[in-house]
Protein chains: 2
Amino acid sequence: MATLDEVRLDRTSAQPLWAQLHADLLRRLEAGEFTRGFPAEGELREEYAVSRHTVREALRRIRAAGLVRSGRGRRSEVLATTIEQPLGTLYSMFAEVESQGLAQTSTVLRCGITKNEQAATALGLATDTDLFGLERVRLADGMPLAHDDVWMPASVAAPLVSSDFTRTALYTELERHGMSRPDGGRERITATLLGPEQAQQLGVRSPTAALLIERTGTLEGQPVECRRTTVRADRYALTMSFGPNGYHVGR
Amino acid sequence: MATLDEVRLDRTSAQPLWAQLHADLLRRLEAGEFTRGFPAEGELREEYAVSRHTVREALRRIRAAGLVRSGRGRRSEVLATTIEQPLGTLYSMFAEVESQGLAQTSTVLRCGITKNEQAATALGLATDTDLFGLERVRLADGMPLAHDDVWMPASVAAPLVSSDFTRTALYTELERHGMSRPDGGRERITATLLGPEQAQQLGVRSPTAALLIERTGTLEGQPVECRRTTVRADRYALTMSFGPNGYHVGR
DNA sequence: GGGCAGCAATAGTACGTACATTTAGGTACG
DNA sequence: CGTACCTAAATGTACGTACTATTGCTGCCC
């Protein structure tokens, strides 16, 4: 019952067989088809009617992406089902909060379309361009965690003015309106001394150090997001691990 | 004249042929043997007397490391001769300083073998283990940049006590004594308020925010370095870019 | 029931072949 | 002298085989 459809691969295509197989395996992984075990090389070979070499060429990339782990003698083991897009330290910080089971909410201080010279410049737009601005205090289980000020071009983010951000993440709302989240960007991380006003917003006494993260998010190379986040340093920190294969932010 | 010595590969070794070939090619790359062109697959095949498959298995890794670039029809092209190990935000920060042409020096506050309960615990050793400790203020062109306190097991780093660290980097000194620098680790980045003493050491007035980077460096999984660096946030920041293919710290 | 031996399954290594596709260079021709 | 074509070389793709090392399971024996 496994070899019903062997016709998923197009041998006349300009795309290599292994690339087609690779794409199909990624699709099936993401669909959760292999949660009860990843197929063996021989099974894939039979199912797709290709040589073992072709199967291994596709598997090589899936292994390299860290989605499955293999070893002599034992079947491949599924480690993850999606390639986690690294979206910067900010993303990983809030993901960390979430993973600790804390409820994330926000107090919205400002949400609307205005002009902002500084943010427009950072986005590479004319200084009088209409921008969507969202200013929040982010809370983890009711406890102030960060002050977040984000600007996006109104031409892109205008539909978001009517959204309720007290419980919803910006990117979730973006995707709900059919827009993509940034696929790249830059962050600048430094430390800052909290002034009386910000200290009060974050619920700490005034002369306190905080992490300041300035972020520019891009979509296909175009800057679409300019963000300034002040994070309480007494409760939260950035962690990163590194090794021969590069960096990993968080955990 | 190319096929003088074909005996570099040991077919009885437990290490795969491709791994031996891979190591030898890295060695020759680093030695600058291929600056006038990288050998073709067929030439390597002949020189090492292995199959094309084995050659390609080794080349695959060299390509993945970004050392050479290949393409249909044209010979492989050498892009770089050494693998740049990412050594964390700290490393990239000081590399940045260097790349700006600033002279890096240090004021050594302490350098010797003592015991340190906290550091020993962080290194996973008994609390009464002898440790090599080095405390410095790091300067860029004479201007204080960071306060750096690093601990390593004395069993590893004892030869370093007689080194002069006013102008030499720790890792350079490590390698001069035939030891390897860490190949991985973890960093924890947070913000801190400088006390009067540290503020004076860094040449700032007292209530100032600074970046605090706590780092554990490992070599082959074993912790070998425990570091605590306080960086002036008014002049220096961490920058990182990220995209679909992962993070890049610095620049 | 526990431990050990053997076996089958599986991925890793290593060899072979053939053809496709692209690039670079040389040659012939206008 | 330049262009167009052809050819050789190189890597990419795709197939085949065989053996090895490791794992996990099965079944036997104590």
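Values in this document were obtained by computation on a predicted structure and should not be read as measured data. Per chain, numbering begins at 1; letters A, B, ... match sequence-line order.
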Query raised in the report: Counting any heavy atom closer than 4.0 Å, what does Arg11(A) reach on the DNA or RNA strands: base, sugar-phosphate only, or nothing?
Result: sugar-phosphate
Requested in this report: Measure from CG on Leu9(B) to P on dT13(C) and round the result to the nearest Å.
Outcome: 14 Å
Requested in this report: Establish, from distance only, whether the side-chain atoms of Thr127(B) and Glu117(B) form a donor-acceptor pair under 3.5 Å.
Outcome: no
Query raised in the report: Are Arg61(B) and Trp18(B) in a cation-pi contact, defined as NZ or CZ under 6.0 Å from the six-membered ring centre and within 45° of the axis?
Result: yes
**Report entry** Distance (rounded to the nearest 0.5 Å) between Leu25(A) CG and Glu33(A) CD
**Finding:** 9.5 Å
Query raised in the report: Is Arg11(A) positioned over the aromatic face of Tyr48(A), cation under 6.0 angstrom from the ring centre and no more than 45 degrees off axis?
Result: no
Query raised in the report: Nearest of dA11(C), dC15(C), dT13(C) to any side-chain atom of Val50(B)?
Result: dC15(C)
Query raised in the report: Taking the six-membered ring of Tyr236(B), is NZ or CZ of Arg138(B) closer than 6.0 Å to its centre and within 45° of its axis?
Result: no
Requested in this report: Mind listing the residues from residues 53-62 of chain A sitting with a heavy atom below 4.0 Å of DNA chain D? Number order is fine.
Outcome: His53(A), Thr54(A)
Query raised in the report: Is it true that a side-chain atom of Thr218(B) and a backbone atom of Gly184(B) form a donor plus acceptor pair closer than 3.5 Å?
Result: yes
Requested in this report: Apply the test side chain to side chain contact (heavy atoms under 4.5 Å, CB included) to residues Phe38(A) and Leu79(A): give CA-CA distance (whole Å), side-chain angles for both, the deciding distance (0.1 Å), then the verdict.
Outcome: CA-CA 10 Å; Phe38(A) 196 81; Leu79(A) 298 177; over 6 Å; no
Report task. Working to the nearest 0.5 Å, report the span between CZ of Arg45(B) and CG of Leu21(B). Result -> 12.5 Å
Query raised in the report: Just checking Arg69(A): base, sugar-phosphate only, or nothing, at a heavy-atom cut-off of under 4.0 Å?
Result: nothing
Requested in this report: Give a yes or no on this: more than 12 heavy atoms of other residues, nucleotides or ligands lie within 6.0 Å of atom CD of Glu175(B).
Outcome: yes
Query raised in the report: Just how far, in rounded Å, is C1' of dA21(D) from CD of Gln15(B)?
Result: 16 Å
**Report entry** Side-chain N,O (Arg45(A)) to OP1/OP2 (dG16(D)) below 4.0 Å
**Finding:** yes
Report summary line: Taken to the nearest whole Å, CZ/Arg52(B) to C1'/dC19(C) is 11 Å
Between the protein and nucleotides 4-10 of chain D, list every N/O to N/O distance that falls short of 3.5 Å.
unit_1: dA10(D); atom_1: OP1; unit_2: Arg75(B); atom_2: NH1; d: 3.1

**Report entry** Leu17(B) CG - dG16(C) P separation (whole Å)
**Finding:** 12 Å
